[in-house]
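Below you'll find the structure, written out as structure tokens, and then a few comments.
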Amino acid sequence: EVGWHSSKGRVAGIHASDLSGCQRKVVYSLLHTDKREVPKSMWKRKFRAGHLFHTMIQRDFQRMCWDTEGMVKFEPEIKVDKEEISIQLGIHSSCDGAFSFSDVPLGPPVMRIGLELKSASCDEWAKLKEPKPEHIEQATLYQKCLDIPVIWLAYYNKGTQAITPSVYPWLRVFDHVVWDRLQDKIVKRHTDCSDGTLPERQEGIGCEFCPYSWTCEPKFLKKKASMEAA
């Protein structure tokens, strides 16, 4: 559960976590570009810790539901690549989970609430007043693909173990404006592939663990390498 999960096994296509970042990465994925991922040990440890926190909280929610006699169920890691809209747009992602609520024990679900987990340091947590825009976009894509009207963006404080409550602004209804913007972006990326064009780079710290940096050759990495060699 906490091993190093390389992106090499990731299916080519649209991934929710990429849509708010560098759009060139999205096109590389759609084009099935070879991944050559060699992140530093620090990044591997950081991502492993994130996997650990996700798994721990998902297991906690499953155990919590055991005490409801089937009134509440929690399903972790829900694939979103089988729905009609996902197939049409080439979306391949996994939602962190969803709660299903029933009126009677083991009865049919009458309400579903999605879950998107994020971990944060104490400093990051102190600055949080509402979900980050990129996380809202990611959650909105899951809502559209899974037909989930409400989703909880749960931020986990790695220092205090606190979790943002399941109330607004952390609990959010589906936003059609956000989805329309995302859909337009996805269509443009497919058009880029058809036209053989690449979007402008959005360079930054993410270049350090991007599996496509070998072909993108961002100036950020060249400059950093030059500074470290000096």
Side-chain angles (χ1 to χ4, degrees), residues 2-54 90-94 116-141 153 155-159 178 181-182 184-230:
V2 297
W4 164 242
H5 297 271
S6 170
S7 68
K8 289 184 178 181
R10 203 182 197 195
V11 177
I14 298 291
H15 294 273
S17 58
D18 293 341
L19 281 173
S20 300
C22 179
Q23 294 301 287
R24 182 171 286 203
K25 184 177 181 180
V26 179
V27 175
Y28 281 137
S29 180
L30 286 171
L31 292 173
H32 296 246
T33 305
D34 185 33
K35 302 183 186 74
R36 301 180 188 178
E37 194 170 22
V38 191
K40 295 180 179 179
S41 297
M42 178 273 291
W43 288 115
K44 290 184 178 181
R45 290 194 297 270
K46 187 177 181 67
F47 294 141
R48 287 174 64 196
H51 294 145
L52 171 63
F53 290 128
H54 272 62
I91 298 171
H92 297 275
S93 271
S94 295
E116 178 59 17
L117 287 167
K118 300 295 179 185
S119 56
S121 67
C122 289
D123 289 341
E124 291 173 323
W125 176 274
K127 298 175 184 177
L128 281 175
K129 304 303 179 184
E130 61 182 5
K132 295 181 179 180
E134 60 267 30
H135 297 160
I136 292 175
E137 288 191 339
Q138 186 175 349
T140 300
L141 182 141
L153 286 94
Y155 287 80
Y156 176 79
N157 188 320
K158 292 183 282 188
V178 174
R181 185 171 67 242
L182 279 174
D184 287 344
K185 190 184 295 187
I186 293 171
V187 171
K188 287 178 181 177
R189 299 294 76 84
H190 281 288
T191 301
D192 288 334
C193 292
S194 300
D195 294 343
T197 59
L198 288 172
E200 290 294 322
R201 298 181 185 88
Q202 292 176 250
E203 298 190 28
I205 197 69
C207 296
E208 290 195 12
F209 47 84
C210 177
Y212 307 113
S213 61
W214 68 271
T215 184
C216 182
E217 299 183 328
K219 294 179 181 178
F220 175 87
L221 292 185
K222 294 179 180 178
K223 183 178 179 180
K224 185 164 185 178
S226 177
M227 292 175 62
E228 292 176 347

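In this chain, numbering begins with 1 at the start of the sequence shown.
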Practice problem: Run the numbers on Ser29 and Ile14 for side-chain contact (heavy atoms from CB on, under 4.5 Å), then give the verdict. | Solution: CA-CA 7 Å; Ser29 180; Ile14 298 291; over 6 Å; no

Exercise. Kindly determine whether Ile91 and Ile186 satisfy side-chain contact (heavy atoms from CB on, under 4.5 Å), including the steps that lead there.
Key: CA-CA 9 Å; Ile91 298 171; Ile186 293 171; 4.2 Å; yes

To the closest 0.5 Å, what do you measure between [atom1] ([X]) and [atom2] ([Y])?
{"X": "Asp195", "Y": "His190", "atom1": "CG", "atom2": "NE2", "value": "13.0 Å"}
{"X": "Arg201", "Y": "Tyr212", "atom1": "CZ", "atom2": "OH", "value": "15.5 Å"}
{"X": "Leu128", "Y": "Glu130", "atom1": "CG", "atom2": "CD", "value": "9.5 Å"}
{"X": "Cys207", "Y": "Lys222", "atom1": "SG", "atom2": "NZ", "value": "11.5 Å"}
{"X": "Lys158", "Y": "Asp123", "atom1": "NZ", "atom2": "CG", "value": "11.0 Å"}

Quiz item: Phe209 vs Phe47 aromatic rings, parallel, tilted or perpendicular, using cut-offs 30° and 60°?
Solution: perpendicular

Of all heavy-atom pairs between [X] and [Y], which one has the smallest distance, and what is that distance?
{"X": "Gly21", "Y": "Gln202", "value": "O-OE1, 2.8 Å"}
{"X": "Phe53", "Y": "Ser119", "value": "CD1-CB, 4.2 Å"}
{"X": "Leu198", "Y": "Tyr28", "value": "CD1-OH, 3.7 Å"}
{"X": "Lys25", "Y": "Pro211", "value": "CE-CD, 4.2 Å"}
{"X": "Gly159", "Y": "Cys122", "value": "CA-SG, 3.5 Å"}

Compare all side-chain heavy atoms of [X] with those of [Y] and state whether any distance is below 4.5 angstrom.
{"X": "Thr33", "Y": "Trp214", "value": "yes"}
{"X": "His92", "Y": "His15", "value": "yes"}
{"X": "Pro218", "Y": "Ser213", "value": "yes"}

Quiz prompt | Residue among Gln138, His54, Glu124 satisfying side chain to side chain donor-acceptor pair (under 3.5 Å) with Lys118 | solution = Gln138

Quiz item: Between Glu203 and Phe220, is there a donor-acceptor pair closer than 3.5 Å when you use the side chain of the first and the backbone of the second?
Solution: yes

Exercise. Test side-chain contact (heavy atoms from CB on, under 4.5 Å) on Arg189 and Gln23 and set out the steps.
Key: CA-CA 8 Å; Arg189 299 294 76 84; Gln23 294 301 287; 3.1 Å; yes

Self-check item: Audit row: Asp184, Arg181, salt bridge (Lys or Arg N to Asp or Glu O under 4.0 Å) steps and yes/no
Solution: CA-CA 5 Å; Asp184 287 344; Arg181 185 171 67 242; over 6 Å; no

Exercise. Quick one: do Val178 and Glu137 satisfy side-chain contact (heavy atoms from CB on, under 4.5 Å)? Show the steps, please.
Key: CA-CA 7 Å; Val178 174; Glu137 288 191 339; 4.1 Å; yes

